[in-house]
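These notes concern the structure reproduced below.
In each ligand, atom 1 is the first atom listed, and ligand 1 is the first ligand listed. For the single chain, residues carry numbers from 1 onward in sequence order.
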Amino acid sequence: MQTKILLPEDRLPKQWYNIIPDMPGQMAPVVHPGTLQPVTPDDLLPLFPMPLIEQEVSTERWIDIPEEVRDILRLWRPSPLIRAHQLEKALGTPAKIYYKYEGVSPAGSHKPNTAVPQAYYNKIAGTKRIASETGAGQWGSSIALACQHFGLECTVYMVKVSYGQKPYRKSMMQLWGANVLPSPSNQTNAGRSILARDPDNQGSLGIAISEAVEDAATHEDTRYALGSVLNHVCLHQTVIGLEAKEQLAMVGAFPDVVIGCHGGGSNFAGIAFPFIADKANGREIRIVAYEPASCPTLTKGTYAFDYGDTAKMAPISKMYTLGHDFMPPGIHAGGLRYHGASPLVSQLLHEGVIEAKAVAQTACFEAAVLFARTESIIPAPESSHAIRGAIEEALQAKEEGKEKTILFNLSGHGHVDMTAYDAYFNGELEDYDYPAEAIRESLSHLPKIG
Ligand SMILES: *Cc1c(COP(=O)(O)O)cnc(C)c1O
């Protein structure tokens with residue numbers, strides 16, 4: 001009864017899978033927020049180094065992973081694929097459940113998979129410092145550790161309310177050498193103007209993005225880095241699905257359904273995209289993204305052009321969106337509180353290649369607790385959405401008496417999120433109503449393009 005399916009280090013993928021040449025239909029252009037015209041590579045150069053801009057639009061199906069990047073990824077990759085025997089037993093399901101465990105990375109999530117190549121390409125392009133933002137701190141700690149490997153300075157604008165509430169994430173970033181500033185800060189015009197009006201402002205991800213983007217755009221030696229949504233981020237995460245496919249083949253398995261939680265789309269893309277290629281070749285396989293019911297971008301959003309950030313400084317993309325000024329309720333899965341979605345994931349949903357479902361927060365914590373009591377790993381609140389999805393599929397298989405194979409991505413552990421579990425056990429977690437009115441209001445502010 002094999003439980004952990006492990007790949008030797010020399011089977012760490014040598015190439016990323018780029019889904020762009022295999023996308024169904026034409027891809028929409030990315031639009032400049034100022035001119036409302038399609039962006040050119042030159043427009044993006046103040047923010048990103050050229051190799052990443054090239055990856056953003058590349059039509060090469062396979063892109064080599066530089067050896068310098070593989071050397072760092074090897075510190076924790078290939079990550080294990082685990083057969084959830086104990087969870088299957090507890091559910092009494094005939095389904096086989098496998099999960100890819102990305103919590104083995106030093107930051108505890110999938111995010112270093114892209115932080116490392118982003119830092120590397122910045123280094124070879126001559127960048128001295130990276131400016132970025134973080135909400136709950138998972139991306140900030142990933143980019144901090146990656147900068148450390150390549151001798152880059154790192155400035156992280158951390159949403160002020162999280163800076164106070166998540167002191168250990170801040171400590172992790174500082175330990176990995178980053179300069180962490182509570183946002184809004186007095187380091188940028190964006191931050192100063194907000195503090196002038198409202199000295200006690202607790203910050204938001206939108207404000208923190210604006211500060212990091214301004215910092216990068218106004219310093220010649222500084223570039224910006226984003227932890228999700230963009231095509232090159234989804235590309236870097238495909239190591240997850242590529243490894244999983246090999247690991248499943250080692251035990252003669254292939255999934256009937258592939259599941260990931262969805263915030264901006266990167267860990268979902270990572271596990272799903274390599275299997276979408278099989279689906280295009282005629283394999284029968286369902287691919288499902290799970291998102292919070294209180295921030296239901298894919299299931300209740302509109303497929304339209306919208307800004308990537310609240311302050312309308314980031315490029316405009318065609319994606320599922322709840323509106324750039326939508327403020328989701330304060331659920332504990334902080335990494336799933338984004339108004340938009342990856343344009344690639346959005347187009348695949350629009351074309352009917354993938355499915356999306358929304359789940360309530362308490363149902364996810366119930367699933368997380370069952371998982372922790374069977375498989376023992378404490379999941380990140382974000383990842384619990386994927387666990388919920390896998391459990392629903394497994395219970396359906398039981399009802400139908402079907403032996404199906406389920407693969408999901410366990411995007412991270414919850415060791416730094418124990419206050420969320422405390423809140424759950426204290427009965428303080430609530431399910432928010434679907435914020436219909438707020439979404440209707442924010443969707444009336446979309447830019448008019450095309
Ligand atoms: C950030 C994060 C997510 C959400 O981001 P995606 O880009 O949608 O993957 C999910 N799980 C964990 C553990 C995270 O840290």
### OH on Tyr224 to CG on Leu47, rounded to 0.5 Å
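Those atoms lie 8.0 Å apart.
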
Show me which atoms of ligand 1 lie under 4.0 Å from any heavy atom of [X].
X: Lys111; answer: 1 (C), 2 (C), 3 (C), 14 (C), 15 (O)
X: Glu382; answer: 10 (C), 11 (N), 12 (C)
X: Gly412; answer: 13 (C)
X: Gly264; answer: 6 (P), 7 (O), 8 (O)
X: Asn267; answer: 6 (P), 8 (O), 9 (O), 10 (C)
X: Gly263; answer: 8 (O)

### Under-4.0 Å heavy-atom contact with ligand 1, by part of Val229 that carries it
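Looking at Val229 and ligand 1, no heavy atom falls under 4.0 Å.
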
Report yes if some N/O of [X] lies less than 3.5 Å from some N/O of ligand 1; otherwise report no.
X: Leu336; value: no
X: Ser228; value: yes
X: Cys261; value: no

### Query
What is the closest protein heavy atom to atom 5 (O) of ligand 1, and at what distance does it sit?
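For this ligand atom, the closest protein heavy atom is Gly335 O, 3.9 Å.
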
### Message
Return the closest protein heavy atom for atom 13 (C) of ligand 1 as residue, atom name and distance.
### Response
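Atom 13 (C) of ligand 1 sits closest to the protein heavy atom Ser411 OG, 3.4 Å.
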
May I ask you to decide if the ring planes of [X] and [Y] are parallel, tilted or perpendicular, using 30° and 60° as cut-offs?
X: Trp62; Y: Tyr17; value: tilted
X: Tyr121; Y: Trp16; value: tilted
X: Phe275; Y: Phe254; value: perpendicular
X: Phe365; Y: Tyr421; value: perpendicular

### Task
Compute whether any side-chain donor of one residue and acceptor of the other, for Asp325 and Tyr307, lie under 3.5 angstrom apart.
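Distance-only check fails for Asp325 and Tyr307.
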
Could [X] and [Y] be called an ion pair, given the rule that one side-chain N must be under 4.0 Å from one carboxylate O?
X: Asp22; Y: Arg61; value: yes
X: Glu102; Y: Arg77; value: yes
X: Asp215; Y: Arg129; value: yes

#### Entry: Proximity winner for atom 6 (P) of ligand 1, if only heavy atoms of Ser383, Ser266, Ser109 are counted
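Nearest option to atom 6 (P) of ligand 1, by heavy atoms: Ser266.
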
### Task
Say whether His110 and ligand 1 are in contact under the criterion: heavy-atom distance to a ligand atom below 4.0 Å.
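Heavy atoms of His110 do come under 4.0 Å of ligand 1.
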
